[in-house]
Enquirer: 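One structure follows; several queries about it will come next.
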Amino acid sequence: GDVTSDFYNNRKNTARRLNETLSGNALTSNGRCEALYDALQWNDNQLRLIHNVYKNTYGTTLHDDASSTYTDDCGWLGM
């Protein structure tokens, strides 16, 4: 799949949004569900780009940070 110039230009903001939602408290932060839902819509090349930006910026992978969360914030208290 293609990586559009708009997606590429927003890669750092996208990685920051994911980091803030994954590292924040699900009860006090908003947007985790939406951020994860958006990530599920990316094609393989977009996912690789964000993964690399995330890893280079935060020193950890999206997989590790997503695995350490206890809720996706998509339902009442994530249940």
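These numbers were taken from a predicted model, which means no experiment stands behind them.
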Enquirer: Measure the spacing between CD1 of I50 and CG of L18 and express it to the nearest 0.5 Å.
Expert: 7.5 Å
Enquirer: Strictly distance-based, threshold 3.5 Å: is any side-chain N or O of D2 a donor or acceptor partner for the main-chain N or O of T4?
Expert: no
Enquirer: Rounded to the nearest 0.5 Å, how far does CD of Q46 lie from CZ of R11?
Expert: 13.5 Å
Enquirer: Any side-chain heavy-atom pair from R32 and E20 closer than 4.5 angstrom?
Expert: no
Enquirer: Can you measure from CG (L36) to CD (Q41) and round to the nearest 0.5 angstrom?
Expert: 11.5 Å
Enquirer: Please report the closest heavy-atom contact between A15 and V53, naming both atoms and the distance.
Expert: CB-CG1, 3.8 Å
Enquirer: Stepwise, does the side-chain contact (heavy atoms from CB on, under 4.5 Å) test hold for F7 with N43?
Expert: CA-CA 11 Å; F7 189 89; N43 64 47; over 6 Å; no
Enquirer: Classify the side-chain pair D64/S67 by whether it contains a donor and acceptor separated by less than 3.5 Å.
Expert: no
Enquirer: Considering all heavy atoms of both residues, which atom of A35 and which atom of T21 are nearest to each other, and what is their separation?
Expert: CB-OG1, 3.8 Å
Enquirer: Determine whether the side chains of N56 and N52 contain a donor N or O and an acceptor N or O closer than 3.5 Å.
Expert: no
Enquirer: From H51 NE2 over to D44 CG, what is the distance, rounded to the nearest 0.5 angstrom?
Expert: 13.0 Å
Enquirer: Please round to the nearest 0.5 Å and tell me the distance separating atom CG of D38 and atom OG1 of T14.
Expert: 8.5 Å
Enquirer: Is there a path of hydrophobic side-chain contacts, each under 4.5 Å between heavy atoms, that joins W42 and Y8?
Expert: yes
Enquirer: Quick one about R16 and N19 (side-chain donor to acceptor, distance below 3.5 Å, no hydrogens or angles considered), yes or no?
Expert: no
Enquirer: Between Y58 and D65, is any side-chain donor less than 3.5 angstrom from a side-chain acceptor?
Expert: no
